[in-house]
Amino acid sequence: MSKLKVVHYINNFFAGIGGEEKADIPPREMEGFVGPGMALNNSLGDEAEIVATVVCGDSYYAENLEKAEADLLEMIKKYDADLFISGPAFNAGRYGVACGAIAKAVEEKLGIPSVTAMYEENPGVDMFKKDLYIITTGNSAADMRKAVKKLGEFALKLVKDEEIGTPEAEGYHVRGIRTNYFHEKRGAKRAVEMMLKKVNNLPYETEYEMPDFGNVTPMPAIMDLSDKKIALVTSGGVVPTDNPDRIESSSATKYGIYDISEYDSMPADKFTTIHGGYDRTYALQDINRVVPLDVMRDLEKEGVIGELADYYIATTGTGTSVGNARGFGEEYSKKLLADGVQAVIVTST
Amino acid sequence: MRLEVGKIFIEDIRFGESTHVEKGTLYVNEKELIDLFIEDDRIKSAKIELAKPGESIRITPVKDVLEPRVKVSGGGTNFPGVVGNKVKQVGEGRTHVLSGAAVVTVGKIVGFQEGIVDMTGIGADYTPFSKMLNICVVIEPEEGIESHAYEAAAREAGLVVTNFIGEAGRNIEPDEIEVFETKGIIEQAKMYPNLPRIGYVCMLQSQGLLHDTYVYGVDAKKIIPTLMNPTEFMDGAVISGNCVASCDKIPTYLHQNDPIIEELFEKHGKELNFMGVIITNENVFLADKERCSDGVAKLARLMDLDGVIITEEGYGNPDTDLMMNCKKVEQNGIKTVLVTDEFPGRDGKSESLADAVKEADALVSCGQGNIVITMPPMDKVIGTLEDIETMIGGYDGSLKEDGSIEAEIQIIISATSAFGCNKLTARMH
Amino acid sequence: MVKEIERAGIPVVHIATVVPISLTVGANRIVPAIGIPYPLGNPNLEFKAEKKLRRGLVEKALKALQTEVDGQTVFE
């Protein structure tokens with residue numbers, strides 16, 4: 001019996017091609033396994049092997065969704081693979097989205113069972129959990145060994161059409177698919193038991209969670225901006241050169257508030273970016289590319305907006321937990337309100 | 001109100017010279033039963049057929065399922081206020097039950113929401129009625145009859161036949177007697193002062209267009225929320241008049257054997273104080289929904305309840321009533337548990353309910369009704385298969401050449417009824 | 001973060017490159033940016049043209065703030 005054929009997708013970084021400065025490389029293919037593909041190949045055991053690896057830069061994929069997908073599918077098609085695996089992407093947002101997108105495309109357009117893996121807060125999870133099995137991982141490549149083992153073992157189950165159990169048992173993210181089964185107690189009995197727990201203030205577990213009401217009602221439009229005070233907020237990690245608040249390059253636990261009242265443009269010698277998630281070259285050349293101070297100042301002088309706030313607020317978007325980000329937002333919004341800020345422009349890389 | 005319910009265990013059903021019970025076997029006489037309603041000129045012809053658990057029989061299209069009972073003492077008759085029965089208060093005294101037997105009304109489809117009961121095979125796993133000894137009243141309506149008239153005729157036939165069969169239990173000594181009692185509100189509360197006061201909010205289907213329920217003979221569309229003793233249900237005060245989606249349907253049988261009432265009485269006096277039932281409806285006008293949900297919350301508060309369990313019949317816009325009831329009761333400081341079924345599409349990926357409120361944090365699921373299964377062919381069909389593909393849950397190509405049926409479980413009677421009578425449930429994958 | 005600002009009662013617009021993420025995390029007014037390493041810029045243009053591009057994006061963002069929206073809206 002010949003081994004099942006697997007094609008593996010990874011990004012520029014894991015392929016050893018380069019870091020952020022190579023995030024713009026277009027798709028390419030290589031024979032056999034590359035980088036973490038080796039460990040993944042081992043976890044596939046005797047039954048399957050990685051025959052090829054396809055690679056694409058995270059930025060390239062994000063900025064060329066259709067073309068990247070089309071080119072990659074062309075490459076993948078010819079291997080006549082039995083199975084497709086992308087990632088693990090851990091908490092890298094663009095990588096996770098690319099992994100999900102290409103795995104979904106391979107499954108839908110080439111009919112090849114596909115699976116990927118990433119950390120729970122990776123936006124790729126919410127975007128693709130209903131389309132794909134996404135194995136859970138830790139939030140960084142420190143988890144690589146465990147992650148590829150889990151991923152490989154699960155992938156085998158998938159391709160061999162074995163029965164897949166609950167998310168808890170198998171280690172994949174809850175997909176949001178309602179699945180029937182027969183309980184040992186009838187519903188009415190469970191209802192009374194749940195009622196007794198709830199009424200006695202004991203913990204209970206609902207059998208269906210109400211859908212997430214995460215969306216906020218939009219604020220009404222502002223008719224006239226010419227007398228309004230506007231503030232800039234960025235997740236692009238732009239901070240004063242010495243990073244006085246020690247904001248992290250990734251997984252930020254803090255945000256900073258920085259004075260720009262004396263500048264008409266972001267001075268490259270006073271500010272920098274410490275964001276670890278994108279190629280900083282361009283931003284360093286001209287920080288206005290991330291925090292558009294020059295344009296805002298012009299607009300202020302021309303009277304299009306009333307006033308630009310004296311400061312801007314910054315943190316690092318990559319890897320930062322939703323909980324943390326929510327916390328920052330809640331906290332600095334109070335200051336913004338206290339300072340009479342009437343509108344905010346948030347810029348993200 | 002205090003009711004003694006005496007169960008006479010029926011182990012077998014057979015045709016006989018007369019309709020009577022003897023040593024655990026219920027004998028029915030076909031002519032006796034048919035004569036009860038055949039004069040109705042809405043009905044062209046009828047016959048009685050028997051179906052037992054495990055037999056290779058498919059019963060379809062099923063309209064209602066009812067349990068033969070008889071009021072031995074305490075005033076009134078089973079099914080008060082309908083088919084000529086006097087409108088008298090029921091729920092007290094003694095009632096006998098022919099337990100294990102059921103009457104099933106069958107016949108060509110009325111609307112499109114009747115369903116299937118398979119007595120064996122995978123379909124049987126999903127319906128509680130595959131475990132009953134079923135006396136099927138198969139009706140053929142007059143040509144060109146209007147659907148409301150047909151529905152009424154079938155409903156009434158089912159009621160009179162069930163009452164007649166129930167009479168057979170009047171003088172039989174029950175095998176088991178259980179006593180159910182609900183005192184006046186203040187006395188009831190004082191009886192178990194340290195136990196949480198729990199009520200049951202029972203939502204009745206009242207959408208019209210053949211989706212109706214009747215309370216003492218009154219169309220539930222016309223009621224505003226009111227209180228009832230649990231024992232009134234046991235005497236047939238609430239009957240089904242509807243052709244709601246089969247999986248979701250609460251047939252008369254389930255109103256008579258309400259599982260929430262059963263489970264609440266199980267724990268009554270031990271872990272909770274079952275205070276009573278609030279009934280409400282599911283009308284199609286927003287004003288009615290607002291009025292009734294306000295009424296439910298008000299009554300729950302008047303009864304000084306600590307918690308309520310809320311059930312519904314149907315899905316879609318009744319989900320809005322469910323959520324309104326939940327929200328308003330919770331906002332009055334009373335805890336809720338909701339019981340409902342789900343319709344997230346065949347792949348299970350869509351929202352399960354048409355509406356949602358954040359207060360609904362304690363929900364029991366009776367399963368999702370959209371999954372597709374294949375039921376094997378049966379040796380015998382009581383009724384007709386010709387309507388399968390137009391029934392909800394069925395579709396073009398559902399009925400296979402060999403007689404097997406591939407359809408959503410929506411097509412199976414009470415497969416996911418949101419009263420919690422079954423063990424089917426759903427979880428997130 | 002965008003949601004928290006809006007929740008606090010301040011109208012907000014998000015200039016972001018990876019629009020799908022912005023949609024998932026729930027921002028209501030979204031303006032697609034140019035590129036990940038340079039959301040409001042383009043190093044391939046010479047300076048004046050680039051500044052004009054940046055201004056165009058900011059003006060679009062300001063326009064978004066002046067537009068009533070029912071829910072999440074991407075201002076292309």
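What you are looking at is a predicted structure, and each value in this text was computed from that prediction instead of being measured. Every chain is numbered from 1 and lettered A, B, ... according to where its sequence line falls, protein lines coming before strand lines.
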- request: Mark yes when over 12 heavy atoms from residues, nucleotides or ligands other than A:Glu162 sit less than 6.0 Å from its CD; otherwise mark no.
  value: yes
- line: Minimal heavy-atom distance between B:Gly307 and A:Val199, with the atoms involved, is N-CG2, 4.3 Å
query: Which atoms of B:Leu264 come close to chain A, meaning under 4.5 Å heavy atom to heavy atom: side chain ones, backbone ones, both, or neither?
result: both
query: Regarding B:Lys335 and A:Asn201, is there a side-chain donor-to-acceptor distance under 3.5 Å anywhere?
result: yes
Heavy-atom closest pair, residues B:Leu363 and A:Met194: O-CE, 3.6 Å
task: Decide, yes or no, whether a salt bridge links B:Glu359 with A:Lys198 under the criterion of side-chain N to carboxylate O below 4.0 Å.
output: no
message: Between A:Glu168 and B:Arg427, does any NZ, NE, NH1 or NH2 come within less than 4.0 Å of an OD or OE carboxylate oxygen?
response: no
- prompt: Got B:Asp361 and A:Tyr204 here, is their nearest side-chain heavy-atom distance under 4.5 Å?
  reply: yes
message: Between A:Arg190 and B:Ser365 (side chain of the first, backbone of the second, donor and acceptor by atom type, cut-off under 3.5 Å), is there such a pair?
response: yes
field: Close side-chain approach of B:Lys423 and A:Lys185, heavy atoms under 4.5 Å
entry: no
query: Would you call the rings of B:His429 and A:Tyr172 parallel, tilted or perpendicular, where under 30° means parallel and over 60° means perpendicular?
result: perpendicular
Residues 99-108 of chain A: residues contacting chain B (heavy atom under 4.5 Å, by number): none
